[in-house]
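Worksheet: one structure, shown below.
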Amino acid sequence: MNRPLLEVKHLIKHFPIRGGVWRRTVARVHAVDDVSFSIRPGETLGLVGESGCGKSTVGKTLLMLLRGFSGEIWFEDKPLHAMPAAELKAMRRDIQIIFQDPMESLNPRHTIGEIIEEPLIIHRQGDQRSRKRQVRELAERVGLSASVLDRYPHEFSGGQRQRIGIARAIALKPRLIICDEPVSALDVSIQSQILNLLLELQRELNSAMLFISHDLAVVKHISHRIAVMYLGQLVEVAEASELYRQPRHPYTRSLIDAIPKPDPEVIARRRLLSGEPPSPINPPGGCRFHPRCPVVRDRCRQQAPPLETIATDHQVACHFWSESTQELGNLGAHA
């Protein structure tokens, strides 16, 4: 088996809430609480969950865009969490990100050519002439004409701007690409084009991807494995096909049931969650999902379940995963 390209161990990231005259810390947002996972070379790990569960915080922390965290982040057996600034800058050639909102991530004062060329300049790749040639090739590779390189971001559609962001991200041929909901702001027809482009580029570059999304249907299309996140913690990690065929955690089951399906009988059997997620400022004790779980028991309210391995490449954080799977099936049969 391939050694992991990226290993995350017990990652914790809290954001302080300050108040009063002296701006003292009065509470903390538990954005990420003890998250561990790995990504293999060439693999796509999908990270899914409801809005506000901490997915994007994980992605930005991996890039060291957010500091003040605890835990360990290892990339190719090198500790990113303890790396000096100069080494970290060099390492960023191998780790790039595609942001959710391409307009916010593109400098409106720079032309498209300047935006795509910027990482090549920062990391001193080639001379000016070779960089210009690379920029043209990158633009054409993501489906843009080289004739548009003198134009500005506001002159493009959302899908075209995302292609520009992708061209910039692959300019240095990174080993790992973090995709932070890259298609959530796009039309459905454009989404499929961008997803197919990402798959093609991944095969060409043999890059690994962390694909962050709240849409399980999208994640299923692109991922090898899927990690499900709820209120700052992972609740299930499994191969994509296994997760959809036999979800073990009640939250995973509810997310899959929420995927739109054009079948009235399927709609009638869906078990959709009620209520809103608890506040990450004051998360509930025990299992964090217990206030919304349809098969909750007393132990769930009192003791937090660990993320344990129940089969090859399948982990779940649920005290009663084997029993709750049967109970949820019975609930669906009687719906």
Side-chain angles (χ1 to χ4, degrees), residues 1-11 32-50 53-55 58-59 62 71-72 74 176 179 202 208-259 270-271 273 286-290 292-297 299-300 303-332:
M1 181 180 293
N2 291 334
R3 292 176 60 84
L5 177 71
L6 176 79
E7 281 190 280
V8 179
K9 301 179 180 179
H10 307 293
L11 181 65
V32 180
D33 252 343
D34 198 12
V35 166
S36 300
F37 62 88
S38 64
I39 303 178
R40 303 169 191 133
E43 178 188 41
T44 298
L45 176 69
L47 183 60
V48 300
E50 293 171 294
C53 72
K55 307 184 300 294
V58 169
L62 298 183
E72 299 179 1
W74 295 82
L176 173 66
C179 303
Q202 183 184 33
M209 285 200 300
L210 176 65
F211 192 91
I212 299 169
S213 179
H214 61 270
D215 189 336
L216 263 80
V218 169
V219 171
K220 180 183 180 182
H221 177 68
I222 201 169
S223 302
H224 299 98
R225 287 188 302 138
I226 298 174
V228 182
M229 195 168 183
Y230 182 80
L231 206 61
Q233 297 181 337
L234 295 183
V235 297
E236 189 164 8
V237 183
E239 296 284 343
S241 57
E242 171 71 11
L243 189 84
Y244 279 81
R245 184 176 67 253
Q246 200 165 29
R248 296 298 192 177
H249 198 282
Y251 178 61
T252 308
R253 185 70 174 264
S254 66
L255 289 180
I256 293 174
D257 283 345
I259 298 174
R270 291 192 302 179
R271 292 165 295 281
L273 288 179
C287 175
R288 294 190 174 181
F289 185 59
H290 84 254
R292 305 171 73 193
C293 183
V295 290
V296 62
R297 302 183 185 183
R299 185 183 176 189
C300 306
Q303 183 181 349
L307 186 68
E308 60 179 342
T309 301
I310 62 170
T312 303
D313 273 339
H314 198 152
Q315 298 170 287
V316 65
C318 180
H319 292 303
F320 306 102
W321 61 266
S322 58
E323 300 169 41
S324 63
T325 300
Q326 181 64 40
E327 288 185 43
L328 286 169
N330 292 338
L331 286 174

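These numbers come from a predicted model, not from an experiment.
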Margin query: With a 6.0 Å cut-off on the ring centroids, do His249 and Tyr230 count as close?
Written below: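 They do not qualify: ring centres at least 6.0 Å apart.
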Calculate, to the nearest 0.5 Å, the distance between atoms [atom1] and [atom2] belonging to [X] and [Y] respectively.
X: Leu210; Y: Cys179; atom1: CG; atom2: SG; answer: 8.0 Å
X: Tyr251; Y: Cys318; atom1: OH; atom2: SG; answer: 14.5 Å
X: Gln246; Y: His314; atom1: CD; atom2: NE2; answer: 8.0 Å
X: Glu50; Y: Arg292; atom1: CD; atom2: CZ; answer: 4.5 Å
X: Thr252; Y: Ile226; atom1: OG1; atom2: CD1; answer: 9.5 Å
X: Gln315; Y: Ile310; atom1: CD; atom2: CD1; answer: 9.5 Å

Please say which of [options] ends up in a side-chain contact (heavy atoms from CB on, under 4.5 Å) with [X].
X: Leu234; options: Leu47, Val316, Val32; value: Leu47
X: His290; options: Pro250, Cys300, Pro305; value: Cys300
X: Leu243; options: Val219, Val228, Val48; value: Val228

Shortest non-hydrogen contact between [X] and [Y], atoms and distance:
X: Ser38; Y: Glu7; result: CB-CG, 4.1 Å
X: Thr44; Y: Phe211; result: CG2-CB, 4.1 Å
X: Val35; Y: Gly232; result: CG2-O, 3.4 Å

Item checked: Met209 and Ile222: CA distance, side-chain angles, deciding distance, side-chain contact (heavy atoms from CB on, under 4.5 Å) verdict -> CA-CA 10 Å; Met209 285 200 300; Ile222 201 169; 3.8 Å; yes
Checklist line | With sequence neighbours excluded, residues passing salt bridge (charged side-chain N to carboxylate O under 4.0 Å, His left out) with Glu72 | finding: none
Is the closest side-chain heavy-atom distance between [X] and [Y] below 4.5 Å?
X: Val237; Y: Phe37; value: no
X: Ile39; Y: Val8; value: no
X: Val295; Y: Phe320; value: no
X: Gln303; Y: His319; value: yes

Next item on the list: Verify, without hydrogens or angle tests, whether Lys55 (side chain) and Gly49 (backbone) share a donor-acceptor contact under 3.5 angstrom.
Entry: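 Here the side-chain-to-backbone pair exists.
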Notebook entry, point to check: Short question: side chain of Glu236, backbone of Arg248 - any donor-acceptor pair under 3.5 Å?
Noted result: yes
Next item on the list: Decide, yes or no, whether a salt bridge links Asp34 with Arg288 under the criterion of side-chain N to carboxylate O below 4.0 Å.
Entry: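 No, no charged N to carboxylate O under 4.0 Å.
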Margin query: Between Arg225 and Glu43, does any side-chain N to carboxylate O distance fall below 4.0 Å?
Written below: yes
